[in-house]
Amino acid sequence: IYVAGGREQPLGPEMSNFWAMDMSKEPLQWIELDGWEGPARAGAIAGAQDEAFFLFGGINNGQSMTDVYRYDPSLSGQGEWTKVVDMPVLMTKTSSPVISMGQSHLLIFNPGDELSRGIFAYHAITDTWVKMGSISEGIIPKSMVVWKDNIVVISTDAAETDKNIFRITPAAIEGNFGFLDYLSMSIYIIILMWMGIYYARRENNTKDFFLAGQRIPAWAAAITMLG
């Protein structure tokens, strides 16, 4: 379990603390680790993916931030922080921790304004962002959980008077292997078979097989070595 940032008092200054608790070791205790190199913050968004901990944005001195940091616990003994690509838009008033999907994505439901509102996905391997969907105006996610390949979201409105629970089913990506694809693959296989039969007739011994009868020019042999 990781805890990053926050405030000692409700109106106090932001902190850059970073604590960890290993639930597999007894006795349970909090360990203070080195924090990230960026500004202190409160209200940041956290998530885990690709065996790493991610810290998204937050607020410092009343200003919202878009910077993102990755903590790899397996590096440098006690772990190592890395600055990764910033969030594409300001993301505040969203639930934390964020949802981990598949082997590489973290999903953030950002209620934001008209320009920044939506479902954003961060790819932990390629270090890139993409907008994957939209959110209705007035919906503010408070808590999310993955249940049977669905995302269950508990949300409220700006006044926190109207609470709702809804389910999101991620759309499956279906392949589109059409007639032209099958035709191209068939032609490719036929050409390979023809080349195999044609050149097999010209091989009389192992020297022909391994050295092609020493008929390959030097420039062609050099190109194959580059591969």
Side-chain angles (χ1 to χ4, degrees), residues 1-113 116-132 140-146 151 153-154:
I1 299 176
Y2 294 106
V3 175
R7 294 186 175 95
E8 290 187 1
Q9 301 294 332
L11 299 178
E14 294 82 8
M15 303 169 61
S16 58
N17 58 281
F18 186 52
W19 291 299
M21 178 185 289
D22 190 341
M23 301 296 293
S24 65
K25 295 182 180 180
E26 295 286 350
L28 297 177
Q29 59 181 348
W30 287 102
I31 300 175
E32 186 172 1
L33 303 174
D34 293 335
W36 58 98
E37 294 184 357
R41 65 199 62 214
I45 307 168
Q49 181 60 276
D50 192 27
E51 299 183 354
F53 171 83
F54 290 86
L55 188 66
F56 301 91
I59 298 174
N60 176 274
N61 197 24
Q63 299 294 321
S64 296
M65 300 179 292
T66 61
D67 53 346
V68 182
Y69 297 88
R70 171 179 178 143
Y71 176 76
D72 289 281
S74 62
L75 300 179
S76 304
Q78 286 193 340
E80 184 175 300
W81 285 96
T82 305
K83 174 74 169 63
V84 296
V85 66
D86 288 357
M87 297 185 292
V89 297
L90 287 175
M91 299 187 189
T92 59
K93 297 182 180 179
T94 187
S95 63
S96 180
V98 297
I99 291 294
S100 173
M101 292 295 293
Q103 301 297 317
S104 56
H105 284 97
L106 288 166
L107 299 185
I108 298 181
F109 288 63
N110 185 41
D113 56 24
S116 62
R117 186 186 308 122
I119 303 173
F120 293 85
Y122 171 74
H123 198 293
I125 298 176
T126 62
D127 193 25
T128 55
W129 288 90
V130 64
K131 186 175 182 180
M132 300 190 67
I140 301 177
K142 288 297 183 180
S143 181
M144 295 183 293
V145 64
V146 177
I151 302 174
V153 181
I154 301 176

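Of the residues listed (T82, D127, D50), the one engaging R70 in a side-chain hydrogen bond (donor to acceptor under 3.5 Å, both in side chains) is D50, and it is the only one.
For the atom pair L55 CG and I45 CD1, the distance stands at 9.0 Å (nearest 0.5 Å). Taken from CD1 in I99 to CD1 in I151, the straight-line distance is 5.5 Å, to the nearest 0.5 Å. With values rounded to the nearest 0.5 angstrom, M91 atom CE is found 13.5 Å from R117 atom CZ. E8 CD to M15 CE: the interatomic distance, rounded to the nearest 0.5 Å, is 4.5 Å. Within the model, atoms CD1 of I31 and NZ of K25 stand 7.0 Å from one another, a figure rounded to the nearest 0.5 Å. Annotation: the span from L90 atom CG to M65 atom CE amounts to 10.5 Å, rounded to 0.5 Å.
When all heavy atoms are compared, the tightest approach of N110 to S116 is ND2-O, 2.8 Å. In terms of heavy-atom proximity, S16 sits nearest to A40 at N-CB, 3.8 Å. The heavy-atom pair separating G5 from W36 by the smallest distance is N-CH2, 3.6 Å. Closest heavy-atom contact between A20 and L33: CB-CD1, 3.7 Å. What you find for N60 and P39 is that their closest heavy atoms are ND2-CB, 4.1 Å. A pairwise comparison of heavy atoms in A124 and Q49 identifies CB-CG, 3.9 Å as the closest pair.
The 12-atom threshold is exceeded at CD of E26, counting heavy atoms of other residues, nucleotides or ligands nearer than 6.0 Å. Within 6.0 Å of CE in M132 there are 12 or fewer heavy atoms belonging to other residues, nucleotides or ligands.
Sorted by first and then second residue, the salt bridge (charged side-chain N to carboxylate O under 4.0 Å, His left out) pairs involving residues 30-43 (not counting sequence neighbours) are R41-D67.
Counting only heavy atoms from C-beta outward, the side chains of F120 and V89 approach each other to under 4.5 Å. L75 is not listed as a side-chain neighbour of W81, based on a closest heavy-atom distance of 4.5 Å or more. Side-chain atoms of E80 and Y71, non-hydrogen and from C-beta on, never get closer than 4.5 Å to each other. Residues I1 and M23 have side chains in contact (heavy-atom distance under 4.5 Å, counting atoms from C-beta outward). V84 is listed as a side-chain neighbour of Y122, based on a closest heavy-atom distance under 4.5 Å. Between F53 and P73, the closest side-chain pair of non-hydrogen atoms is not below 4.5 Å. Side-chain contact between M101 and V146 is present, with heavy atoms from C-beta onward closer than 4.5 Å.
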- Message: Could you go through W129 and I108, starting from their C-alpha distance and side-chain angles, then the distance that decides it, and tell me whether this counts as side chain to side chain contact (heavy atoms under 4.5 Å, CB included)?
- Response: CA-CA 11 Å; W129 288 90; I108 298 181; 3.7 Å; yes
- Task: Take V68 and M87 through the test side chain to side chain contact (heavy atoms under 4.5 Å, CB included) and record every step on the way to the result.
- Result: CA-CA 7 Å; V68 182; M87 297 185 292; 3.6 Å; yes
- Message: I'd like to know whether S74 forms a side chain to side chain donor-acceptor pair (under 3.5 Å) with D72, so could you lay out the CA-CA distance, the side-chain angles of the two residues, the decisive distance to 0.1 Å, and finally the verdict.
- Response: CA-CA 6 Å; S74 62; D72 289 281; 5.3 Å; no
- Audit row: H123, S104, side chain to side chain donor-acceptor pair (under 3.5 Å) steps and yes/no: CA-CA 6 Å; H123 198 293; S104 56; 3.2 Å; yes
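For F18 and W30, the ring centers are positioned 6.0 Å apart or more. Checked against the 6.0 Å centroid criterion, the rings of Y69 and F54 do not qualify as a close aromatic pair.
Between the E14 side chain and the N61 main chain, a donor and an acceptor come within less than 3.5 Å of each other.
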